[in-house]
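This report concerns only the one structure given below.
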Amino acid sequence: MAHDYSEMESKWQSEWMERGLNLAERDEEKPKFMMIFAYPGVTGYLHVGHLRGYACADAICRFKRMTGHNVLFPVGTHATGNGAISLAAKVRDGDPDFIDYLLRNGCPEERIGQLADPMGAVEFFNEVYVEDYWKRFGFLADWRRFTCSLYEDYGRFIQWQFRKLKDLGLLMQKPYFAPACPGCGPVAVDASETDISKGGDAETQEYTLLKFRSDDVHLIAATLRPETVYGQVCFWVNPDVEYRMISKDGETWIVSPQAAEKLMLQKDGIAEVGTIMGREMVGWMCEAPMIGRRIPVFPASFCDPSVGTGLVTSVPSDAPDDWISLENVRRDPEMRSVYGLSEELIASVTPVSIIDIEGYGDFPAEDAVKRMGITEPGDPRLEEAKKQVYKDGYHMGRMKDVCGPFAGMRVEEAKDRMRQAMIDAGEAELFYDLTEEVVCRCGQPVRIRRIDDQWFIRYGDEELTERTSEHCREMTILPPEYHENVHGVLDWFRERACARQGNWLGTRFPFDEKWIIEAISDSTLYPLYYLISLYANRGDIRPENMTEAFFDYVVLGIGDVGAVSEETGVGTELLGEIRADIGYWYPLDVNLGGKEHMTVHFPVFLMNHRAILPDSMQPRGILVNWYITGKKNKISKSKGGAQPIPGAAARFGVDAMRLYYAHVASMFVDVEWDEDLVMNYRQRLERITGAATEMMGSGTVGEADGIDLWLRSRMNTHLADMREAMDRFDLRGLATIAYYEILNDLRWYSRRGGCNRDVTTEALRTWILGMMPVTPHTAEELWHSAGFEGLAAEASLPEAGPVSAAAEYGEKFIRDILSDINQIKKVSGMTPARIVVYTSPSWKNRVVGIAREMAEGGVPDIPSLTKRCMADETLRKHGKAVPEFVKKTVADLQRTASDRRWSADDLDETTFLRSCAGFLSAETGAEVVVHSADEDGLYDPQGKSRAAVPGRPALLLE
RNA sequence: GCGGAGGUAGCCUAGCUGGCCAAAGGCGCGGGACUUAAGAUCCCGUACUUAGUGUUCCAUGGGUUCGAAUCCCAUCCUCCGCACCA
């Protein structure tokens with residue numbers, strides 16, 4: 001079985017830590033580089049896919065260290081919210097699946113008890129993340145600065161941030177509608193179902209309540225489609241439901257009992273005044289809002305008292321349910337006999353066409369129903385029909401002429417306008433409800449309740465948005481697509497509820513202790529806090545020292561050190577130190593995060609920085625990484641078991657995984673986790689280790705020439721390319737060079753007989769350093785085997801030296817010839833004993849030379865080049881071969897990029913090839929002779945030499 | 001719906017500031033070398049054609065250009081975020 005690298009990995013990790021390479025200290029002499037990855041939430045174990053971004057961050061930081069930067073790479077975790085509470089609850093309840101999950105991921109049995117407490121769980125996972133993930137993977141992070149969003153000192157910083165936001169006028173309070181249990185208060189409705197026992201997928205939906213006056217009462221219907229009011233022709237009640245009559249602002253409303261209860265939570269001054277059976281209302285006439293039309297009340301069993309208000313306005317033209325039900329009423333004799341509805345009344349109700357949708361007739365609902373063959377009320381396919389009509393109408397529909405002032409308007413726009421018009425006229429109100437039943441843990445139903453004093457951050461603030469957007473243009477934001485549309489995201493950001501009540505962990509809202517700051521809002525300025533956590537973790541400053549004046553001073557430089565020291569109890573020297581650290585390290589150079597952050601975390605990160613901090617402290621870069629995904633659980637379950645990160649590290653080796661993350665694809669695409677591929681990378685590393693080891697100490701001492709110069713040039717090209725790739729944080733580009741191209745070149749070098757010890761040693765040094773960022777353990781191991789001084793992790797990447805275009809071209813030239821020979825061998829099926837190479841006749845070189853003279857930035861056209869060539873005595877005698885070659889030359893030049901058009905000119909092909917004849921002969925197993933096509937008495941039985949052109953000699957195989 | 005990303009050879013993926021791009025790299029596959037053998041490693045090949053510098057080709061259909069995988073338009077298909085959840 002494969003070799004276990006754990007020991008080698010931990011050996012070098014301890015060396016690095018002992019040397020303190022991961023510790024970041026201010027050094028005014030060196031340029032700084034500060035990078036973070038968006039800290040993860042510690043709500044359980046991570047899987048191998050999550051490590052992609054983190055590993056890239058470490059690699060980038062390592063590269064920066066090698067190029068002369070003083071690097072700060074801090075890490076932390078996030079635990080705000082209800083994740084830890086939910087997790088602890090599962091452990092307390094002894095949830096067998098969850099316990100199994102913990103054990104499978106390597107949680108020691110004796111520690112499970114600790115997880116029954118939310119903070120215990122957070123501390124446990126903090127340790128797992130740091131020790132089993134980040135340290136295990138060789139990160140050079142400054143562990144001293146580790147912080148977590150639930151730490152008290154961190155909370156102080158967050159509270160300061162909120163004070164600043166308030167000072168800037170960016171906080172506001174307004175009513176908000178949120179789920180709550182009547183007994184337990186605010187609850188979280190989310191998939192984890194921490195607070196609830198049912199309904200995790202429910203969403204809050206906004207209804208428009210429409211008021212239908214009938215004598216002295218109002219029938220209240222709830223609709224999601226206020227734009228269809230012009231099509232109202234009748235009204236549905238459930239005859240078997242006992243409705244409530246409630247008083248509201250002097251009016252009497254009729255709604256279902258459930259709706260009455262919900263309304264009381266959302267509206268003031270509601271009192272119950274009586275009840276009425278649905279059947280009693282059948283046959284009433286009521287006045288439809290907006291249009292003032294009097295419409296009849298009909299019975300319909302589909303009116304569910306728990307949905308909306310239990311009363312429904314009917315728009316048969318655009319609502320499939322209504323269309324079917326109306327048809328049903330018309331042909332059902334019961335309507336007349338039981339409810340006593342007159343024939344005339346029923347006949348008077350006819351659909352009104354209100355929305356014009358391409359692909360539909362006057363009555364979209366009718367079309368949809370007929371297309372799907374629905375004939376009876378209660379058909380389950382009505383739901384689908386409804387969605388389809390709604391979607392098409394919303395997207396493509398326009399209001400017809402009957403819609404008065406809204407005629408011609410797009411549905412999308414009319415919807416909002418009409419709702420607002422009715423609200424303004426007192427004909428409608430808003431109402432919120434959940435899309436499905438939600439039940440609290442205590443067993444009571446969860447309802448939407450109005451919260452009058454909800455706090456928001458005003459991210460819609462125009463000036464802040466504009467200033468942030470402007471700053472983004474200056475930033476390095478990758479991928480470029482995100483650089484483009486981050487402005488759109490910022491624009492779209494509105495008020496954000498930034499605090500919540502209930503069962504949540506987090507920092508208390510500084511102005512009102514009943515609120516807890518929510519999870520996004522406490523994670524915006526935190527990179528800055530790593531500059532302070534160092535001192536907090538050491539105990540140099542305590543939470544109680546971290547007053548407003550403290551942060552004002554160290555972050556913003558506000559106030560007098562002496563006074564601040566007095567007030568906070570922190571020494572002036574320490575205050576100065578922290579202030580200097582912040583001045584040195586901030587701004588943040590790169591914030592790396594997964595693509596899920598693009599619309600949530602990054603915008604608030606940017607806006608809070610812009611709002612609170614000065615120009616000099618604005619972030620410089622954002623790097624977004626896409627995911628490593630698993631198809632059908634493959635990522636978490638491999639052959640009969642889990643794939644915890646430490647297990648994967650042991651199985652594949654940390655470096656193989658890091659190389660996989662860096663090289664498998666660009667950072668900006670999703671990739672499916674594939675163990676075989678990781679194994680391939682592991683093999684690649686082993687192959688490289690073997691090749692590098694073989695190079696060490698071999699070779700002879702001597703003057704560098706020929707192929708040595710080529711290798712030198714190649715290594716310089718690679719150095720330049722690696723640096724250039726990393727300017728764009730393109731780790732994949734770096735890895736392609738370091739793990740593939742360099743190895744290929746070294747093979748070629750040795751194949752060509754290269755063995756100069758100085759040259760190979762120099763190449764080895766560059767090569768190993770090129771591998772340092774991505775596979776640091778392997779690189780360090782090689783560095784030491786090679787006998788280089790110090791630690792590779794501490795070494796500098798050499799500057800790229802000069803590149804020899806001629807040397808590089810020459811080898812390419814040889815490879816092409818070899819490739820041509822192979823090609824001919826393959827096609828002809830022969831094994832040649834002798835190969836004759838004919839280099840271009842000099843007149844062809846002359847033609848190219850003339851073209852070059854004429855070029856001046858462009859390529860000459862065929863007629864003028866022909867003319868010039870034919871004017872040349874020496875050329876004219878070659879007759880019509882000249883214009884033919886001119887044609888080809890021009891064509892070739894035209895499709896060659898301008899900067900490489902003439903690169904081939906300086907090589908004396910004949911001399912060069914003669915010097916390589918031995919090599920070619922060894923490679924092909926045939927005798928190789930080189931002739932210039934010009935030679936007198938040339939041996940050329942098949943006339944091949946005619947095909948020879950500069951850069952591409954003709955060949956004869958015998 | 002709104003907003004965004006993408007469709008490249010058997011597969012995964014580069015390229016996409018237009019020009020040595022028939023298209024890098026990896027995997028897979030075929031052949032060869034080494035080896036007692038297996039594995040590993042190395043070399044060659046892997047659209048079609050052919051004693052080589054030719055033809056067709058980068059979702060589909062148009063267009064711009066001397067020249068397009070790369071730019072523009074249309075069509076088809078796939079994927080992702082949408083709010084209080086880093």
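Quick note on labels: first sequence line is chain A, next is B, and so on, each numbered from 1.
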Whether A:Trp492 stacks on the six-membered ring of B:rA83 base, 5.5 Å and 30° limits: yes
C1'-based separation of B:rG10 from B:rG30 [nearest Å]: 13 Å
Toward the 5' end of RNA chain B, by each residue's nearest nucleotide, A:Ile520 or A:Tyr740: A:Tyr740
B:rG54 and B:rG4, which share atom name P, separated by this distance in whole Å: 43 Å
Touch class at under 4.0 angstrom, heavy-atom based, for A:Ala691 against every strand present: nothing
Heavy atoms of other groups near A:Arg815 CZ, more than 12 under 6.0 Å: yes
A:Arg747 side chain near B:rC43 phosphate (N/O to OP1/OP2, under 4.0 Å): yes
G-U wobble or Watson-Crick pairing nucleotide for B:rU60 (cut-off 3.5 Å, both distances): B:rA74
Check: A:Thr80/A:Asp522 side-chain N/O donor and acceptor closer than 3.5 Å: yes
Touch class at under 4.0 angstrom, heavy-atom based, for A:Thr80 against every strand present: sugar-phosphate
Nearest-nucleotide pick for A:Arg494, side chain only, options being B:rA83, B:rA86, B:rG25: B:rA83
A:Tyr176 side-chain proximity, nearest of B:rG52, B:rA86, B:rC84: B:rC84
G-U wobble or Watson-Crick pairing nucleotide for B:rU41 (cut-off 3.5 Å, both distances): B:rA33
Base partner of B:rG52, which must satisfy Watson-Crick or wobble distances under 3.5 Å: none
Any strand: nucleotide that pairs with B:rC66 via Watson-Crick or wobble, under 3.5 Å: B:rG19
Sugar-phosphate only, base, or nothing, as touched by A:Asp670 at under 4.0 Å among non-hydrogen atoms: sugar-phosphate
Pairwise 5' ranking along RNA chain B for A:Phe456 and A:Asn822, keeping only the more 5' one: A:Asn822
Between A:Tyr39 and A:Ser523: side-chain donor-acceptor atoms closer than 3.5 Å: yes
Validation row, ring centre A:His663 to ring centre A:Tyr739 under 6.0 Å: no
Gap in Å between the two P atoms, one belonging to B:rA83 and one to B:rC77, rounded: 26 Å
Cation over ring face, A:Lys944 and A:Tyr838, 6.0 Å, 45°: no
Nucleotide nearest A:Ile824 when distance is taken to its side chain, options B:rC85, B:rU41, B:rG52: B:rG52
Heavy-atom neighbours of A:Gln205 CD exceed 12 at 6.0 Å: yes
Separation between the P atoms of B:rA74 and B:rC11, rounded to whole Å: 29 Å
Gap between atoms CD and C1', on A:Glu481 and B:rA5 respectively (whole Å): 8 Å
Any N/O pairs under 3.5 Å between the protein and nucleotides 14-17 of chain B? List them or say none.
unit_1	atom_1	unit_2	atom_2	d
B:rA14	OP1	A:Ser666	N	2.9
B:rA14	OP1	A:Ser666	OG	3.4

Selected nucleotide, minimal atom distance to A:Arg496 side chain, candidates B:rA83, B:rG6, B:rC20: B:rA83
Centroid-centroid distance, A:Phe919 to A:Trp748, less than 6.0 Å: yes
Close aromatic pair by centroid cut-off 6.0 Å: A:Phe652 and A:Tyr660: no
Sugar-phosphate only, base, or nothing, as touched by A:Glu596 at under 4.0 Å among non-hydrogen atoms: base
Distance-only donor-acceptor check, side chains A:Tyr627 and A:Glu596, under 3.5 Å: yes
Touch class at under 4.0 angstrom, heavy-atom based, for A:Leu955 against every strand present: base
A:Asp670 bridged to A:Lys595 by N-O distance under 4.0 Å: yes
Sugar-phosphate, base or nothing in reach of A:Ala178, heavy atoms under 4.0 Å: nothing
Touch class at under 4.0 angstrom, heavy-atom based, for A:Trp455 against every strand present: nothing
Closest to the A:Glu518 side chain, choosing from B:rU41, B:rC84, B:rG25: B:rC84
P gap between B:rU46 and B:rC21, integer Å: 16 Å
Heavy atoms from other residues, nucleotides or ligands near CD of A:Glu694 exceed 12 (cutoff 6.0 Å): no
Listed nucleotide nearest any side-chain atom of A:Arg751, set B:rA86, B:rC84, B:rC43: B:rC43
Distance below 4.0 Å between A:Arg684 side-chain N/O and B:rG25 OP1 or OP2: no
Sugar-phosphate, base or nothing in reach of A:Asn680, heavy atoms under 4.0 Å: sugar-phosphate
Span that lies between the C1' atom of B:rA22 and that of B:rU49, in whole angstrom: 13 Å
Side-chain N or O of A:Arg687 closer than 4.0 Å to phosphate OP1/OP2 of B:rU41: yes
Sugar-phosphate, base or nothing in reach of A:Thr736, heavy atoms under 4.0 Å: nothing
Integer angstrom distance from the C1' of B:rU13 to that of B:rG25: 8 Å
Any-strand Watson-Crick or G-U partner of B:rG1, both distances under 3.5 Å: B:rC82
Pair partner, B:rU46 [Watson-Crick or wobble, under 3.5 Å]: B:rG28
Nearest listed nucleotide, side chain of A:Arg500, among B:rC84, B:rA86, B:rG4: B:rC84
Distance, C1' atom - from B:rU70 to B:rC16, rounded to whole angstrom: 4 Å
Closest listed nucleotide, where the reference is the side chain of A:Leu956 and the choices are B:rC80, B:rG52, B:rA51: B:rA51
